[in-house]
Each structure stands twice: as structure tokens, then as C-alpha cells.
Amino acid sequence: MITTRFAPSPTGYLHIGGLRTALFSWLWARKNGGEFLLRIEDTDQARNSEDAVKAIIKAFNWTGMSYDGEAIYQSKRFDVYKKYIDRLLEEGKAYKCYMSKEELGELREKQMANKERARYDGRYRDFDGTPPEGVEPVIRIKAPLDGMITFDDGVKGEINIASSEVDDFVIARAGGVPTYNFVVAIDDYEMGLTDVIRGDDHLYNTPKQIVVYNALGFDIPKFYHVAMINNEKGKKLSKRDGATDVMEYQTLGFLPEALLNFLVRLGWSHGDQEIFTIDEMLKLFDPKNINKSSSNYDFKKLEWLNSHYIKNMAHDKLALLLKNYGVDITQNSNIDLILNATKERAKTLVELANQINIILNTPERYDAKASKKAFKGEAKDIISEFGELLKTTDTTEYHKLMEDFLAEKEIGFGKLGQPLRVALLGSMTGSGLDEIISIIGVEKAVIRIENAVEFIENSNKENS
RNA sequence: GGCCCCUUCGUCUAGUGGUUAGGAUCCAUGGUUUUCAUCCAUGUUACAGGAGUUCAAGUCUCCUAGGGGUCACCA
């Protein structure tokens with residue numbers, strides 16, 4: 001039985017890096033038929049917020065990942081932590097420290113000045129005198145004084161850290177509120193975690209948590225520390241790098257399956273395979289194939305993946321999603337025609353919605369460059385004549401209609417194609433002309449042509 | 001600064017002593033397409049550097065350099 005968790009602290013939105021470790025954890029649990037739990041790390045009453053919790057869970061739901069049971073809030077478990085703190089105190093494995101913050105600050109400064117590692121000096125570790133007046137003590141745990149703290153990391157291999165690197169850290173603040181490393185160890189134990197997959201930045205928390213595990217006689221879970229995700233320049237991802245908030249990807253028109261596919265391949269691989277459906281991820285994911293090194297974020301590759309998923313998505317599903325981007329074609333009888341004409345040139349749902357709008361709506365203006373180039377010479381007469389033909393024809397084979405029209409006049413496709421495209425779409429690029437006519441119908445196509453003819457006549461007048 | 005981790009095409013990666021170092025993306029070129037896109041084909045580009053072990057090293061060892069993480073009564 002594998003049990004994993006995702007344990008965000010609600011200080012902001014769900015970050016793309018957090019989503020990846022969540023994905024890894026989720027995959028590993030689900031693959032093994034185990035449990036995936038969600039824990040909200042909100043022991044810092046000053047920083048966490050209700051809204052952040054909601055935002056994180058919303059983003060999480062968007063991705064389609066599911067957690068088992070109810071989310072666990074650390075802020076509601078202080079009595080549990082207190083019980084363990086009392087026990088450690090009773091067993092002499094933790095102690096009260098009366099050092100003031102000022103004294104601690106001085107000590108740290110002195111150590112830094114001597115180019116030493118800043119660490120608590122253990123002065124109250126075996127204190128049995130009379131405590132100083134007016135100082136509310138913190139509680140510190142007794143960390144080992146010598147030897148090594150060793151663990152076998154599932155990603156990095158064996159990690160050895162000298163005990164001298166771990167001081168008697170605070171497990172309960174003055175006032176009794178427990179601290180992060182303590183509650184994480186308690187909860188990971190109580191929630192029955194077997195595998196802890198988390199970011200690299202927690203590597204140094206691990207020996208501290210092991211100190212807690214050992215003091216309480218808990219079994220130590222398997223740890224996996226996944227290297228960070230950097231921006232395209234190889235530097236730490238920051239808000240300035242654009243989309244770091246998972247929900248921003250929805251706004252930008254990305255599909256969750258594309259984002260997940262992108263993320264799963266960042267730091268993990270299965271041979272040469274690039275495209276992974278959720279089912280394939282579930283079948284193939286194994287943390288032993290997680291990379292040791294950090295990886296850079298590549299927006300172009302995400303776009304490629306996204307266009308892949310757009311192209312391969314069922315049309316009714318795509319139409320439903322498109323409603324969030326200002327286009328509703330769910331009731332349109334030409335839904336297949338519309339999507340086949342547009343989906344191959346869209347990298348995002350935003351672009352797709354755009355393409356569709358361009359076809360569905362009569363152009364309000366013509367792209368300046370395009371009209372200048374396409375609406376010159378005989379263009380007006382040609383499209384005008386073609387418009388007349390369109391009115392009278394009863395064929396729906398518009399491509400053939402155009403070809404025959406051109407053959408009779410002995411002119412090339414471009415002579416009709418370019419001005420017709422600008423007349424129909426307002427620009428020089430886009431879907432096939434026959435597809436467009438099929439979608440909007442002859443009537444609307446003729447109107448657009450007539451509009452264009454009028455536009456050309458007017459601009460000719462102005463110029464003369 | 002101490003400690004720890006990392007280092008294969010621009011980017012994501014394959015590779016577990018013997019490969020013309022593979023794939024994907026990006027970029028470029030050509031083809032298909034009335035255009036754009038798609039699609040197809042082709043091409044450019046990589047083992048951070050240096051010693052050592054070995055018949056043989058991207059793969060093992062050591063050193064150097066570069067990058068990152070971390071050193072709270074934050075999480």
C-alpha cells in the first residue's frame with residue numbers, strides 16, 4: 001500500500017512546480033491503488049488565507065486529479081501536536097529554552113562574523129536551574145550531537161548529513177504553536193504516508209524531520225526530492241516569468257491534459273515517449289525514473305502539446321470548453337465543419353475561439369496590408385462575378401465551383417482566392433475558402449462579398 | 001561563507017564500459033496546401049573542463065569550474 005500527499009501552504013495560488021510534485025505523488029499513489037491525501041499547511045496564522053485554500057483546491061480540481069477523503073488542516077490539529085510535544089518533554093527528548101530572540105540574534109551574528117554556520121548552541125539543553133524571569137520559553141528538540149543522519153532518497157540516492165548541521169531546532173514557539181518541521185513529521189506519520197514526494201527545497205528539512213521521527217520512534221517514510229523547475233533562462237521561476245499560477249493556463253487556453261503531459265515530462269521520462277494520456281502516465285510512472293537535475297520550462301513545447309491535444313479532442317467536448325472562451329457552437333449543426341476548418345491552426349483554445357469567431361462573424365474591417373494587396377486591379381470584378389455565380393448555383397462543391405470559374409476565365413487561383421479570402425475573413429490567412437463558405441452558407445458569403453465590393457468602390461472614389 | 005545536490009543538442013530527455021551518442025521541441029530548408037496552419041521529408045547543434053582506472057569512458061574515481069538548494073520562534 002502506497003500513501004502519498006500533497007501539502008501546500010495556503011499563502012498564494014497553486015504554483016506550476018507544486019502541481020508537478022502533486023502530479024508525481026498522485027500518479028504514484030493511484031498507480032499502486034494507494035491513497036493520495038491533501039494536507040493544508042496553515043500553522044502560520046499570519047500568512048495563510050482562506051482564499052488561497054480555495055484557489056489551490058480550484059486549480060487542483062481543474063487538473064482532474066482527485067484526493068482521497070477530506071483535506072486535512074494543520075491549524076485544526078494543534079491538540080494532536082501538543083500531545084506529542086508533552087510526550088517529548090516528559091521523556092526528556094525535548095526541553096524548554098529561555099533564550100530570548102535578542103540573545104539568539106546576537107549569537108547568530110557572532111557566528112556569522114566568525115564565518116561559522118549559524119546554529120543554536122544548546123545552552124538550555126541540560127538546564128536545570130531557575131529559569132530567567134519574564135521569558136516565555138520555546139521548546140526545542142534534542143538533536144543528536146554527533147554522527148550522521150542518513151537517508152536513502154528515491155531520487156538523489158543516499159544522503160548523508162552530519163548531525164552537527166542540525167541544531168536543537170524549535171518545535172513549539174513561545175505561546176505553544178508548533179513549527180513546520182515538527183508538524184510535518186507528525187502528520188506524515190499519522191496520515192500513514194509511505195512515500196513523500198516533494199521539492200528539492202525540502203531536502204534540508206528531511207534530517208530535521210528524521211530527528212522527530214527517531215525521537216518518537218516512528219518509521220521513516222521513503223523520501224523523493226524532485227529538483228526545481230527553472231524558467232527558460234535557467235533561473236528560478238518567478239512571477240515575472242509569466243504563467244506560474246496553474247489557473248493562468250486555463251485563461252491562456254491550455255488543456256489540463258496538455259499541462260499535465262508537459263509537467264510529467266519535466267524531470268521524468270519513459271524512454272522516448274513524449275505523449276502520455278493520463279492512463280499511460282498511470283501505467284508507466286515510476287519515481288525511479290525521476291531526474292536528478294533541475295529542468296527548464298519550455299513554453300513552446302507546452303504549446304506543441306496543447307495543439308496536439310486540441311487536434312485530437314472529441315468535437316463535442318471541445319465545443320463545450322470553447323464556451324469559456326466566448327464561442328458557443330454546441331448547438332451549431334456545422335460543429336464538425338467548423339472545428340475541422342480551425343483546430344489545426346490553433347495552439348490554444350483562445351486561438352481556436354478566435355479562428356472560429358473570425359469565420360462566424362462578418363468582418364468589420366479589412367486588414368490594411370491584406371486589402372491593399374488583394375483588392376487591387378480586377379479583384380473587385382472577379383469576386384463580384386463570383387458572388388453572382390454563388391447566388392445562382394446549387395452546388396455545395398465550392399472548391400470545384402471555384403476551379404471551374406477560374407478555368408473558364410483562364411486565370412490562376414490566387415486572382416480569386418486572395419480577394420475572396422480578405423472579403424470573407426478580413427485577412428490574408430485562415431481556413432480554406434470552400435470550408436468557410438460551407439460553414440457560413442452562400443447567403444452570408446454573398447453579403448460579405450458585396451460588402452467587400454462596396455468597400456473597394458468607396459476606396460477607389462476616395463483615391464481618385 | 002558552511003553543508004548538500006546537480007551538469008548530454010538552445011530546451012525537455014534516452015543512454016547503466018564497446019552506439020555513426022537516439023527521440024521530441026525549437027530553428028532552417030524542401031514538398032503538400034489557393035493562403036496560413038497541419039502533415040511529410042531533410043538538415044544544423046550536445047556528453048562543462050582536466051587528470052586517472054581500463055584494451056575501451058557520456059557511462060567508474062578524483063580535482064576544478066559553473067549552476068542550484070539550505071542555513072528562522074516561515075512553510
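Quick note on labels: first sequence line is chain A, next is B, and so on, each numbered from 1.
For Ser269(A) and Ser9(A), each mapped to the nucleotide of RNA chain B holding its nearest heavy atom, the one lying further toward the 5' end belongs to Ser269(A). Where Leu433(A) and Asn230(A) meet RNA chain B, the nucleotide closest to each residue was compared, and Leu433(A) sits on the side nearer the 5' end.
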What does the list of N/O pairs under 3.5 Å between the protein and nucleotides 5-9 of chain B look like, with a distance for each?
{"unit_1": "rC5(B)", "atom_1": "O2'", "unit_2": "Lys156(A)", "atom_2": "NZ", "d": "2.9"}

Output one line per pair: protein atom, nucleotide atom from nucleotides 24-27 of chain B, and distance, for all N/O pairs under 3.5 Å.
{"unit_1": "rA24(B)", "atom_1": "N3", "unit_2": "Lys301(A)", "atom_2": "NZ", "d": "3.2"}
{"unit_1": "rU25(B)", "atom_1": "OP1", "unit_2": "Trp304(A)", "atom_2": "NE1", "d": "3.3"}

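At most 12 heavy atoms of other shown residues, nucleotides or ligands fall within 6.0 angstrom of atom NZ in Lys233(A).
Following rounding to the nearest Å, Glu103(A) (CD) and rC73(B) (P) show an atom-to-atom distance of 13 Å. As a whole-Å value, the separation of Leu305(A) CG from rG23(B) P is 19 Å. One can place CG of Asp434(A) at 11 Å from C1' of rU33(B), the figure rounded to the nearest angstrom.
A donor-acceptor pair shorter than 3.5 Å can be found between the side chains of Asp187(A) and Tyr81(A). A donor-acceptor contact closer than 3.5 angstrom is absent between the side chains of Asn205(A) and Tyr180(A).
Within residues 400-421 of chain A, the residues approached by RNA chain B to less than 4.0 Å at the level of any non-hydrogen atom are Phe413(A), Gly417(A), Arg421(A), in residue-number order. A heavy atom lying under 4.0 Å from RNA chain B marks none of the residues of residues 347-365 of chain A. Contacts of residues 10-25 of chain A with RNA chain B (heavy atom under 4.0 Å): none.
Contact check, Lys311(A) against rC39(B): a side-chain N or O comes under 4.0 Å of OP1 or OP2. Look at Ser307(A) and you won't find any side-chain N or O under 4.0 angstrom from OP1 or OP2 of rA37(B). An OP1 or OP2 oxygen of rU38(B) is reached within less than 4.0 angstrom by no side-chain nitrogen or oxygen of Lys343(A). For rU11(B), the OP1/OP2 oxygens have no side-chain nitrogen or oxygen of Ser295(A) closer than 4.0 Å.
Identified under the side-chain hydrogen bond (donor to acceptor under 3.5 Å, both in side chains) test for residues 334-351 of chain A, with sequence neighbours left out: His315(A)-Asp336(A), His315(A)-Lys343(A).
For the pair Arg140(A) and Tyr120(A), the distance from NZ or CZ to the six-membered ring centre is under 6.0 Å and the angle to the ring normal is within 45 degrees.
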